[in-house]
Structure formats: C-alpha cells, structure tokens
Amino acid sequence: MKEEVRKVADIVSYQVADIQEHLVQSAYVFLSNLTASPKLQDPDSDECRQFLVELLPLYDYYVNIGVPNRNGILTCNSMPLSEAIDVSDRSYIREAISGQYFTTSGVQVDRVTGVPTVNFAYPVFNLQNSNDIVGAAVVVISLDWWSSFLERSQLPPDSVAYILDANDQPVVTYPAGNQYVPPALLNRFWRGEDGVSRVFHKRQIIDEKGNVQLTFLTGIAVDSALSAVNKRYIMITAVFSVLILFMLILLHFFLTNSLLKPLNVLTDLVIRLGRNEKMPTNRPIGVQEMDYLQQHFLEMASLKQKAEQDIIDQAQTDRLTGISNREAFSQVLADTLAQVDPQHGKLAVILLDLDNFKEINDTRGHEVGDAILQQIAERITQYPFHAKSISRQGGDEFVFLFDGQQVDLSQVLKLAESIQSLIKQPYSVLNDNVMVSASCGVAVYPDDGRDSRALMGAVDQAMYHAKASGRDCVKRFDWKLKQALLDKVELIKDINKALKNDEFFLVYQPIVDREGKALKFEALIRWNHPEKGLISPDEFISAAEESGLIVDIGGWVIQEAKAALSKLQVARGPDVQIGVNVSPLQLLNRREGADVFLSSLITGSGELNRSADEKNGLVVEITENLLMEMDERTRQVLMDFRKNGIQVALDDFGTGYSSLAYIMNYDIDFLKIDRSFVQTLSPESSSSSLCEAIINMAHKLKIMVVAEGVETKQQADLLLQYGCDFLQGYYFAKPLRLEEALLYPIQKEI
C-alpha cells in the first residue's frame, strides 16, 4: 500500500518538473523560430532592436530578449541599453555561436536586468549562407518568475520544491525562505529533520555536452495519505479477527474502491496528459487523500494546458494589430498544403508590402505608422475577401491565403487589385489624412511551388518584382524571376571564389588638374572570370552589396590601392592621391567596427587621430544617396574622416536625389560631376548651364569639382572655362594597369 502511495506522489512530482521542463523546451522552440526572422540578420541594427522591443511584452515569463552579434557584443536588446554590452565571456553565448546549438547559462546574474536569471541561447544563421553565424538569440527568465510559478503549482500541504544550479546550490525554494536540506533518498519515503515524510523526485536539464545546468527537486508530503492507509489497515485487522469471511468481502471492496480504482483513475489521467488529450472532470472515489491528490493533479494539468495555450496564442498573434502573425500563417499554410490534392486542388497566396512606408515613420513618426497598420488590419479583416487566413508578416507586410473556388488566376489578380484599392483609401490619423499605396505579389499552388518554402519564396519574389516595376502594382510570380534569383546566387558564389582565387584586379584612371598635372588617380575594380572573361562592375557590385561580400571586396581594394599608392608616390612625388569607391555597408563596417575601417584607410604615419592638416593618400568616394540616408553613425564616420585628414569625394553627382542642400553641412571635399552631363556638353546645350551652375555653387561652398567622362578637347576647354578644378576621362587616358600608370606623364598638355 505504501508503494502505491509513493507512486502517486512520484506522479505529482513528475508533473511539476515536466511543466518546468516544458518551459525550457518552449524556449528552444521560440528561439529557433525567432532566429528565422530577417530582422535578426543584422544584430547591430535599429530594426533588430525595434523588433525585440515589440516582441518582449508578448511573453510574461521572459524578462528580456537580446541578440549579441557574432563577436558577443550586445546592442540589439528589448530593454534600453546605455551602451553596448560585451557578453562574449559568457560560455553559453560562445557555445551557441561556435557550436551552433541551443545552450543554457545555468543560473547567473544577468548584465542587463541585474537580477538572478536563467538564460537560453540559439545561433542566428545567415539566411544567405547557412554556414555563417551572425549572432545568437537569447531569452532571459528570472528566478523570481520560477518562484511565483512554484507558488501557483498548489502542491499538497508540507510539500517542498527546489531549483538547484549546476553546483547543486538552491536558487529557488518553495515555500519561499525554506531551508534546503538535500534528501538522503530519492523515489523513496524519507523523513526530514522537520519530521515530515516525503517522496523526492529529481529532474535535470542537461546541455549538449552532458553537463547539468539545472535540477528540479520536488518533495511530495505523504504523511496524510500514509496515516489514512494505516488506520484502514488497523480496522481491517480487527474485523478479520472476528469474522474472516466478512473481512475478505470488506477487503475486496476496499482494495477495489479505495486503491485500485483511484490508481486506475490517476493512471488514466497521466496517459491523457501525456497525449495532450482532453482531461475529464473530477471523479471522487470516496478516499479523501486520493481524492485530494486527484484534485491537485487535475489542477496542475489545467495549469499546464492553460500555459501551453497561452504560449500558442501569444506566439501566433501580432501584438500591434491583433491579427494572426507569421508563425500562425505558416502553420495554416502547412496544414492546408498537407490536405490539398496537387492534381486538382489549388491555393493562392497574396503578399502586400506598403510603398515608402519608412518615409511615413521618418517624417510623421512611428505613432502615425502604427496607427495606419492597425487601420489596415481592421480593413482587410472586416472586408469580405473570404480568405482562409490573413496575417501580418511583420513590418509593413500582410499576407492572404485563398483556397477553393476563388483560386482562379484571373480571380486572384482581381482580389489583389481589390486589396490594393482598399489600402489606398485615406487614413485619418491625428486629424490628418494620410495616403498609402501597396505593391502586391501573387503565387499559386502547385504551379509556383509545391511546399510552404517554395510558395512563400515565389510570392516574395513577385512582390519585389512589383516594387522594382514602379510600386503600386500587382505582379504574379514568373519563373524568370526564379531564374534571375538562381543567377544571382550563382554570381555570389563566383564572387566568393574570385576573392579566394585572386581574380579581381585594379586599374587606375588619371585625374588631371587645370595645368594638366596628373597627381590623382581613381582606383577601379575589374574581374577576370576564368570562364566568362571580363565582367563589368555594374554586373556584380549590387550582388556583392546584397550578400555583404562588398565589405571583403572593399577591404581588398583598399589594401591594393595602398600598395599602388606607395609605388606611385615614389615615381611621381608624395602628393599623389588615389580615390577608392566605398559602399555604405563598408563605410559603417558593423562587422569589424568603424575604427578598423578608418585605420585601414590611413596612409603615411598609419596612426589614428593625427593632424587634420596632414592630407591622406587615399580619398574616399561615396554616392550622394548615402547622404540622403544619413544617420548619426554615418555622420560620425565623416567627422572622423575630417579629423584624420581623409578627403571625401561625392561620386556621380546629379544622378540620384542630388541637392547641394544635402552637402552644405557635411565635410565634402570634391564633387564629381557625372559623365552623363559631361558627354552632352557643348556651348549650346542645357548641360553646359547645368555644369557651370554646379561648379559655381560648389566653389561657393568651398568644394572642389571633378568632371568625369571628358572625351573631347571641346568638353575639356568648356569645363576649364567654367572653373572646373579637375578633369577625368578617355581624353586624357583610359583606366591603366599599375605599370602603365607609373609611366603616365606627370604633366600633360590640355
């Protein structure tokens, strides 16, 4: 009989530990889903931080969520940080990044919240390269939350529970303040120093290396149940001495109704809970102690089911709009695809992305942007589209799933146009009307994809095709888009190989001053592909920027240019300069830090913070679009250039969102007039007036001007007449190999 009571106590103890272990598993599932978000691809970005700030309130058991980058530097965090925090010394962070698996910290004092916590980490893989780790996603659970959880567990009276760290030291006790005394026995009756008999059950959380991280120890008090059993045994013995036959009948009745039946009930409950089946209502059996255990078991099961449902609801609901989110949509899509017949059934997915929504947030504030997103969600869910699922994918993207008779291509395209029209109706926000348009992509199953990943990839490409086609339009997925994507992937692989195999080389185009002296050169990259021959930079630079390889290419260009600069200065004098084109990604250099990039540009003494009057041998050439997207970080980099004597040239001026107003307050040394204006230059052309105006205005701002694409003497003469400071183009020389540049005349007649 005592053994059966012990088994019941084991079951109750097991459920407490199982619920806590389920929380650890849910942390694993949450992190693995979270790391698939594109928002985490750049852990140092504001987009990543805003995403986590919006995500944290959805989970009451997480006190913080963060994403340190691959170097262990934490800037992306759901709680405000006064400065970046270096968590690279945390072993679980290092193991998540280097080992590429789910890890836990054990008990520690969290550096952000300042309280004892247990943290869990999962690697964030580069979505473009699964072998590359960009950082680690971390969730933080405070020990206070675990304490309150044990308080809510409603264990039987005199029961105790402990959570031990990796060193078997108690970090959470129940009841609060209870002194921890290690039990001498597990899974057996053991009477503690307080005189209470309990059955202790231990569960441990083991990491990937087999080390114990956490131990859940639960002691269920059994004195009450044992006392009741003993009383009944005394009564049965007395009756047995008087009337054996009656005792046998009574014993049979007792065994059936007082022990076997409750154990069968509890066993049935355990099986149902393990299978996540619906739990029955309380079924009293007449034995008070067993009924008490059954009642508390059902209450714990109810708490577990409610907690699981809350987790599911919160994980599948968009916090801002209240509609389903990306995870919920993915589940509906997967379930629908599993049921549809690819021979006859069809599905359609429509993905919309708001046009220029970032400008609304930047100019009117995120409060207005959020209000618009909420109104859009209300419109599209109340309008009778009869979609199977409508979800917010995150940011300013919404997705629709249609099945059944509506999945006729012409009908789907009409639905997409109806959605567009609905989105374009004015939004009343803060006593003002705001207009928004949307670009829509359409993909159909099974024509455009036979699984969730392929179908969502197709509709995503279709949406971006709509963006590239001028926005505010609907585009259906085209396999040419798929081929273009495959070509881009292949190109990125070739670029990576080119870096390793030294297939790139530099050429140098002279830049002459008004006297014909060539003391400046522009370094231009060329690619000699082993199979395709020479590939123009216009064909691979954009792919390199999208993949992030532009940082590695830019670093190589700087080192090659510095090596060439040394030889040119020996041959032509110490005043020679070389201009190098710099990508915005390279300029911010989030991977290695701004100081590393700045140091790589320094020539001469090679030291940072030198005199600003000491002119640097390398000139940085940037595009004017970079100034349009100027943030504080970029502004600081330009200021550091000025402090270290690095001059800045604004390349291809006039081809983007050009306005001299954008450069009035920035330290720009040179404007380079784009070749499209120079090549049409003649005394009667409109380009003539435009070039003259640019030169005069730049000079008033104390900025020197370089004209690109000079091909004739007439163009050179007109530009010099307008006061242009430097000329560059085929009229003087094509881009030259280094050995040719060394022989180019120091001064040439113009």
Side-chain angles (χ1 to χ4, degrees), residues 38 127 323-324 326 329-330 332-357 376-377 379-381 383-425 436-491 542-543 546:
L127 296 181
I323 66 176
S324 62
R326 179 191 297 270
F329 182 84
S330 299
V332 172
L333 179 58
D335 293 344
T336 306
L337 287 172
Q339 299 171 5
V340 71
D341 179 5
Q343 300 297 326
H344 303 96
K346 283 196 173 186
L347 303 175
V349 179
I350 298 176
L351 177 65
L352 75 85
D353 184 277
L354 302 181
D355 298 328
N356 302 316
F357 192 69
I376 288 176
R379 285 184 188 179
I380 60 179
T381 53
Y383 193 87
F385 288 121
H386 304 296
K388 185 164 188 177
S389 178
I390 300 177
S391 302
R392 182 186 176 207
Q393 290 290 88
D396 55 352
E397 288 186 352
F398 294 84
V399 63
F400 300 72
L401 175 63
F402 295 93
D403 63 353
Q405 297 180 351
Q406 295 184 88
V407 186
D408 172 81
L409 181 58
S410 61
Q411 185 66 24
V412 171
L413 293 176
K414 289 181 181 178
L415 282 170
E417 291 172 355
S418 299
I419 293 170
Q420 271 193 310
S421 300
L422 189 64
I423 297 297
K424 290 170 69 173
Q425 296 177 16
V436 180
S437 63
S439 299
C440 289
V442 175
V444 177
Y445 168 90
D447 302 347
D448 304 331
R450 289 181 172 265
D451 56 42
S452 299
R453 184 174 181 179
L455 196 59
M456 292 307 297
V459 76
D460 198 53
Q461 291 178 54
M463 185 272 290
Y464 278 109
H465 181 43
K467 290 281 188 186
S469 300
R471 299 184 175 88
D472 190 21
C473 62
V474 175
K475 293 294 181 182
R476 192 255 168 112
F477 173 75
D478 188 333
W479 282 101
K480 293 180 180 178
L481 300 176
K482 182 72 171 181
Q483 186 59 48
L485 180 62
L486 294 175
D487 292 343
K488 182 181 291 185
V489 171
E490 188 65 29
L491 178 61
S542 61
E546 288 184 28

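Only a predicted model underlies this, so the values are computations on that prediction, with no experimental measurement involved. Any value given below was found using the heavy atoms of this structure, including those in side chains, with hydrogens, waters and symmetry copies removed.
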Which atoms form the tightest heavy-atom contact between [X] and [Y], and what is the distance?
| X | Y | answer |
| --- | --- | --- |
| Gln461 | Phe477 | OE1-CE1, 3.9 Å |
| Phe402 | Leu415 | CE2-CD1, 3.8 Å |
| Ile419 | Leu352 | CG2-CD2, 3.4 Å |
| Asp355 | Asp472 | OD2-N, 3.0 Å |
| Asp396 | Phe357 | OD2-CB, 3.1 Å |
| Asp448 | Val442 | OD2-O, 4.4 Å |

Distance check, rounded to the nearest 0.5 Å: [X] atom [atom1] versus [Y] atom [atom2]?
| X | Y | atom1 | atom2 | value |
| --- | --- | --- | --- | --- |
| Leu354 | Ile376 | CG | CD1 | 4.5 Å |
| Cys440 | Met463 | SG | CE | 9.5 Å |
| Leu422 | Arg379 | CG | CZ | 6.0 Å |

If we ignore hydrogens and angles and just use 3.5 Å, is the side chain of [X] paired with the main-chain N or O of [Y] as donor and acceptor?
| X | Y | answer |
| --- | --- | --- |
| Ser391 | Ile323 | no |
| Arg476 | Leu409 | no |
| Asp460 | Met456 | no |
| Gln420 | Ala438 | yes |

Side chains of Asp353 and Ser439, donor plus acceptor under 3.5 Å: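 On atom types as modelled, these side chains do not qualify, holding no pair under 3.5 Å.
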Using only heavy-atom distances, determine whether the side chains of Asp487 and Gln483 contain a donor-acceptor pair under 3.5 Å. yes
Counting only heavy atoms not in Lys467, do more than 12 fall under 6.0 Å of its NZ? yes
Does atom CZ of Arg453 have more than 12 heavy-atom neighbours, drawn from other residues, nucleotides or ligands, at distances under 6.0 Å? no
Going through the checks in order, is the side chain to side chain contact (heavy atoms under 4.5 Å, CB included) test met by Asp403 and Val340? CA-CA 9 Å; Asp403 63 353; Val340 71; over 6 Å; no
